[in-house]
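Quick note on labels: first sequence line is chain A, next is B, and so on, each numbered from 1. Heavy-atom basis, side chains included; hydrogens, waters and symmetry copies ignored.
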Amino acid sequence: MTEREERRFAEVPRESIKLMAESSGVELSEEVAALLAEDVCYRLREATQNSSQFMRHAKRRKLSVEDLNRALRWSNTETICGYGAQDALPFRPLKEGELFFVEDREINLVELALATNIPKGCAETMVRVHVSYLDGKGNLEPQGTVPTAVQSLSEDLLKYYQQITRAILGEDPHLMKVALLDLQSNSKIAALLPYFVYVISGVKSVSHDLDQLNRLLHMVKSLVQNPYLYLGSYVRSLVSSVMYCILEPLAASINPLNDHWTLRDYAALLLSHIFWTHGDLVSGLYHQILLSLQKVLSDPVRPLCSHYGAVVGLHALGWKAVERVLYPHLPAYWANLQAVLDDYSVSNAQVKADGHKVYGAILVAVERLLKMKALSLTLAAEGSGAGLPGTTTGAVGFRENSPGLSPPSEPLSEPPLGIASHLQAGGAGCPWEEWTPVSLPAMYCELYSFFGDSLAVRFSTGPPLGGATPPGPCQPLEGRKEPASSAPNLENTRKMPQLTASMNISPRQDGSPRMEPQPPSLAATVPGRSLARSSSSSSVSRSRSSSSHPGRSTSQSRDIFPKARFPLPQAGPPAFSFIIGGRQMGRRCQGRRFQTSFTPTPPLTTHPPRAYAHKLPVIGRVSKPVRRWTCSHYSLHLPL
Amino acid sequence: MTPLLSAPGEKMAAVQDAPMELDSEKETKPEILSDGTSNLSGNTASGTLSSPPLTAGGAPKQEDQQTLIAVLQFLRRNKLTESVDILRREACLEDQEDSQTLDGSGGGKGDGDGGDANSLLSRVSIASAAAPQSTLTPIPVKNDQPDVSVVLSAYSQQGDPSLYQVYYTGLKNFIESVLDCHRAELSQLFYPLFVHMYLELVYNNHETKAKAFFEKFSGDQECYYQDDLQILCGLTKKEHLKGNEALLDFRTSRFVLRISRDSYQLLKRHLQERHNNQIWNIIQEHLYIDIFDGMPRSKSQIDSMSGSFAGETRREVNKAKVFYGLLKEPEIEVPLDDEDDEAENEEGKPKKKKTKKDSMGSKSKKQDPNAPQQNRIPLPELKDSDKLDKIMYMKESTKRIRLGPENLPSICFYSFLNAYQGLTAVDFTDDSSLLAGGFADSTVRVWSATPKKLRKVKSAAELNLIDKESDDVLERIMDEKTASESKNLYGHSGPVYGVSFSPDRNYLLSSSEDGTVRLWSLQTFTCLVGYKGHNYPVWDTHFSPFGYYFVSGGHDRVARLWATDHYQPLRIFAGHLADVTCTRFHPNSNYVVTGSTDRTIRLWDVLNGNCVRFFTGHKGPIHSLAFSPNGKFLASGSTDGRVLLWDIGHGLMIGELKGHTDTIYALKFSRDGEILASGSMDNTVRLWDSMKAFDDMETDDFTAATGHIPLPDNSQELLLGMYHSKSTPVTHLHFTRRNLLLAAGAYNSQ
């Protein structure tokens, strides 16, 4: 039985007692030692048991030396000093004597004092608060996400959310379409908005996957178009996601086969869309966007694809943005771009190709800038009665409606009015001209010095409405053929050179998003913009008829169109001349030369040059395969 | 605050005398308090003893006699001969000494009692003859150790020690052979018999036989007695018995068993047939068998109630009437808007009735029938600032979230970081604006839980300079230079085990290992009073919900009631057999509840110091207690990880909440009493559906009569939620006035 107890409890053997007694000079008999040993054991156990009380009240699990000392104090026993350290005390055996002892190393006080490591436990005790929000069912709300204390998700909403995200990000294109459509029109998903915004902010994590990026951008589009959603401050988050797609050197762009250009174009379209429809929700958004675009543009370290994004972004925001940011920056940027374009080394081929993309983008942007400027000047000159059909300036002017010219403060009211509002705004006086730093001719001159003959402004006229639809979908190469079908008015007073390119986008009727039935919110803007860009009155009326708000146009604008349209054919038969670009620089670089190979093409059979009108809608034609994109204007400059 | 103890003051003086004297005269731990004082602390003068009579019957009971004898001896030793005479006369002790009347009227039980009275006395004298003092004959004070405990707990030598195993085995065989329904009940006998027989062997110096006995039968005992067995097995010498308070208590107090009449008869018949006098004597001497009529209880029923150091509760103990209702709230006019001046809260204005704290209780203006009289305990008058606070409270409570199983509170966890010195206690003010922490390094720290910083009052010299007439004088007296988020209070010389804010937020109490309770001012952040009385660590302290009074409990096994303006305690609540580990005031301030290491809970009447409720059932030391806001229920948590729910009015256990895996250090009811939150060392906070637990229980006077009700095992249904912290034991829980749950604990990096 003693053996069993020994197993349960540590016992002090009588030998130890004897030894201890001897060390203090006392000789003990066997019996006394035995009795003492037993008593010592008992007292030790008692002290240990008592000390556990201190441990419990100190709310600890670990018995400390201090606890035992307090228990010893209870029984009027001297406490043990020197073992108060918090570290574990190593208990070592000594082989020879079967002794066990606590290692007691000598401590170098100097070392200790000069030690650089900060001892534990010297920080100030403090209290920190952590809140666990419980929902009605007692589940913990996830931390760090959007707090939805106000609106708890119902089971159904949660399911909807899962289904929708799965469908959009999944493989089935049909499902995706359905999901996007529902997202566009569902009126009960306000509670899910933060979740969707969160999902969309995931663009950063899928920058290698163009497809996913595209899908996310579509999600943005659907959300923006949903008339029942109040985006509120989430606009900022959406814009930053879209900007990411526009500006960032995506992982997907490493592979030249990936058509990230399309993505950027689409994102740019989306950006302007968000801005025009929801820009009023966040103050200063316009300037923030401009600033970040400018920053990217002025950063030479950024890859060309980022610059491209900045340019198309500016372009999408309207010619005012181009004038303000791109134009003043052009001289500085041109040098860099020129250097890239002029490098014929093989290793540079890819970069050069990118450079051409940027070149093309800039060209398109400044062309429109010039046109818009001319228009605005004309309008200013003519006043609201800018109906003079005979003058070519008028012809230029009225056709080129400026999108995005109105100040950001009235984005919502303006786009739905479409052309009319532009005209009105233009006629009403000139908020736009006030900050025009450079006069049109000066600007033209400067731009011409960069682009040479590539810089052309189209003064195309639309063919009659009954004009045959394009003979067929454009082949990829068709873009190069430059089916500039419209009739430039050579007698243009401005004497601007010929148009460079105006391509016929055949799929307008079948695939262009502009033709798609559009929900009011998008219709409010995109048609307006596309109208603005259309160089032909016929396309104007077509788009108007196809758009959902024909009635919006004021009678005044109705007047203008016919007037503008009819005189044009009378101005003379369409005549084209293609001017080789880049001559001004004294060199013919490859990128520009190809333009010379264009043959004058089917004059009036094709649709009037609606290149500009098409540009953005084409960009937006995302569900179409990328191949089609090569028909687009930008791709003209892709030297394949 | 004015002294309010005019009425009980005199009584109190009487009460104070005896225990204080004891304290002062015995420099060692007052062992005598263990049992004797429970009576003394009641009111000796009135002659009623707090320990209730055994059974119905007129004769003085044995244990009372024992007590009286002990008291007499004590008095004699201290040469208080006059008192001796008076006591002897009043207690009619001589009569009984001379002519011990047999009490033949008590049925079976009575037989045993009566027949035993004489033999007890004779045995006591025999036993103490061994110790050099005999009990009753007045003996000159020649002995240095007239140990009172010896008188009370001497074990007589009965029979052959070597036969103890045989006796015990015989009983064991018998119990195992009886019908199932009786077996569970009779099995209760094992543990007390085992302990007493073992101690008797040890006491009579049969060391090896004791060890053998222990080895053979210790394995049979219920697992929840393991802790005691651990202590017991180390104890093998008679000398050890002397210093061991726990076992002294075990010997001096009678272990209470509750057995149905049928089972008891069975046992009695068996023992008489076998002439097993040894066991019968132990039962007679050291056990108290509470016999009830009715169905024998099941094993689970027994297990739920047993586990305490001294057996179960006698039913009689919990018969006393407890006024658990709430006091009527003072009528305060609620200003319609904040701008209203508080000074207008005087009589004659149209009053708006203050809503009661509890939604369950009646909101009528009538006095709750279960509530004590408004002035049963003198309470401090409300000051203007208190009224202001009440109004704030009312306003807050209108915004209170109604909690329920479908609507759980959010939890706000206050983690103490860098608390390497060890966080030992936490308290929040009622309005959750301040947070106090007691630390093992003897400091108390106070934090502001709001952006408002803590400021001291300016020094006296500076105070002289300010304009006392200005409206913002209360603002001006504060010293802006001292503003900080936290303040440290230094003064204790040992770990601070308990902290408690006064309801008016002007004071803070802290109790420490150094044996003192300190009162701190939260205006000046200095110590105002050190209350000395506990000579040993003070484990807990708690302010009355009305302020002014507070209670403390510690290692000296008593709880003391204090008033802030008295340096001596007003009451001493003695009766626990081990440390008083936690103390709480009843919401109506008329009662105090204490939990102890002896695994029992006692409810004390503040007015007369009596123990009015005695709850057993925990299997470990009790470390947390909480009253429901309506005062009707009590929740207790212990080291065994279980929360037990008690009906105070009927004195019954009504629920058991199992789930925690470690000591429960914090319990709190939500403001409406619908949710019970428990926090434990296992780093979890659990929320329980207390409404359901209370509603499911059908407690009426009939069930109360039996003393036990079937407990459903529905912990899982009642558990509404469990929330983990990363590595932070939960030390304290608090519901804000709007029912947000605040939890606090020290982050444990290991």
Side-chain angles (χ1 to χ4, degrees), chain A residues 1-5 8-11 35 38-39 41-50 52-62 64 66-67 69-71 73-76 86 88 119-141 147 149, chain B residues 208 211-212 214-215 230-231 233-237 239-240 243-244 406-424 435 437 439-440 445 447 449 486 494-495 497 513 536-537 539 555 579 581 597 621 623 639 662-663 665 681 687 720-721 723 725 729 731 744 746:
Chain A
M1 49 201 163
T2 355
E3 294 87 81
R4 190 148 158 208
E5 238 178 83
R8 266 208 231 167
F9 299 103
E11 285 215 340
L35 275 173
E38 206 163 339
D39 197 56
C41 286
Y42 173 73
R43 301 292 166 199
L44 275 178
R45 255 175 244 154
E46 198 182 27
T48 317
Q49 274 152 4
N50 286 337
S52 72
Q53 282 214 40
F54 286 101
M55 177 189 75
R56 277 204 304 272
H57 281 282
K59 300 178 167 89
R60 271 184 276 118
R61 279 197 195 84
K62 199 167 149 191
S64 73
E66 190 60 22
D67 291 332
N69 272 341
R70 290 185 202 290
R73 224 170 287 152
W74 273 1
S75 45
N76 287 329
Q86 301 216 329
K120 219 170 102 182
C122 59
E124 183 64 24
T125 307
M126 54 175 127
V127 183
R128 283 292 168 269
V129 185
H130 171 96
V131 184
S132 300
Y133 297 102
L134 304 192
D135 61 15
K137 298 188 187 66
N139 301 314
L140 282 181
E141 294 280 337
Chain B
T208 47
K211 277 185 180 166
F214 188 91
E215 282 306 311
Q230 290 254 326
I231 298 174
C233 90
L235 190 141
T236 51
K237 293 259 187 294
E239 291 74 31
H240 298 162
N244 196 320
E406 298 303 314
N407 195 15
L408 295 178
S410 289
I411 303 172
C412 205
F413 205 110
Y414 287 74
S415 300
F416 287 73
L417 306 179
N418 306 320
Y420 301 105
Q421 69 273 49
L423 176 74
T424 43
L435 167 66
F439 292 87
R445 285 156 208 255
W447 279 270
S486 76
Y497 291 119
E513 191 258 356
Y536 284 85
W539 296 130
H555 178 62
D579 304 32
T581 49
T597 311
H623 275 272
T639 56
D662 210 328
T663 308
Y665 279 117
M681 188 117 109
L687 303 177
L720 297 175
Y723 306 97
S725 66
T731 321

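At a threshold of 4.5 Å between non-hydrogen side-chain atoms, the residues B:Pro495 and A:Arg70 count as touching. Counting heavy atoms from C-beta on, the side chains of A:Arg56 and B:Thr597 come closer than 4.5 Å.
Contacts of B:Leu423 with chain A are made by backbone atoms alone, with heavy-atom separations under 4.5 Å and no side-chain atom involved. No part of A:Glu66 comes within reach of chain B, as not one of its non-hydrogen atoms sits under 4.5 angstrom from that chain. Residue contact with chain A, scored on non-hydrogen atoms closer than 4.5 Å, involves the backbone and the side chain of B:Ser415 alike. With a 4.5 Å cut-off on non-hydrogen atoms, A:Asn76 does not touch chain B at all. Looking at A:Arg60, only its backbone comes within 4.5 Å of chain B, counting heavy atoms on both sides. B:Ser725 does not touch chain A: none of its heavy atoms, backbone or side chain, sits under 4.5 Å away.
With sequence neighbours excluded, no residue forms a ring pair (Phe, Tyr, Trp, His ring centres under 6.0 Å) with B:Phe413. A search for ring pair (Phe, Tyr, Trp, His ring centres under 6.0 Å) contacts involving A:Phe54 returns A:Trp74, B:Trp539, not counting sequence neighbours.
A:Lys59 and B:Met681 get closest at one heavy-atom pair: O-SD, 3.8 Å. When every heavy atom of A:Ala58 is checked against every heavy atom of B:Thr424, the shortest pair comes out as CA-CG2, 3.5 Å.
Most heavy-atom pairs under 4.5 Å with chain A: of the set B:Gly422, B:Pro621, B:Ala744, B:Gly494, this distinction falls to B:Pro621. Heavy-atom pairs under 4.5 Å with chain A peak, among B:Ala440, B:Ser486, B:Pro537, B:Ala419, at B:Pro537.
Note that CD of B:Gln230 is 11.0 Å distant from OG1 of A:Thr48, once rounded to the nearest 0.5 Å.
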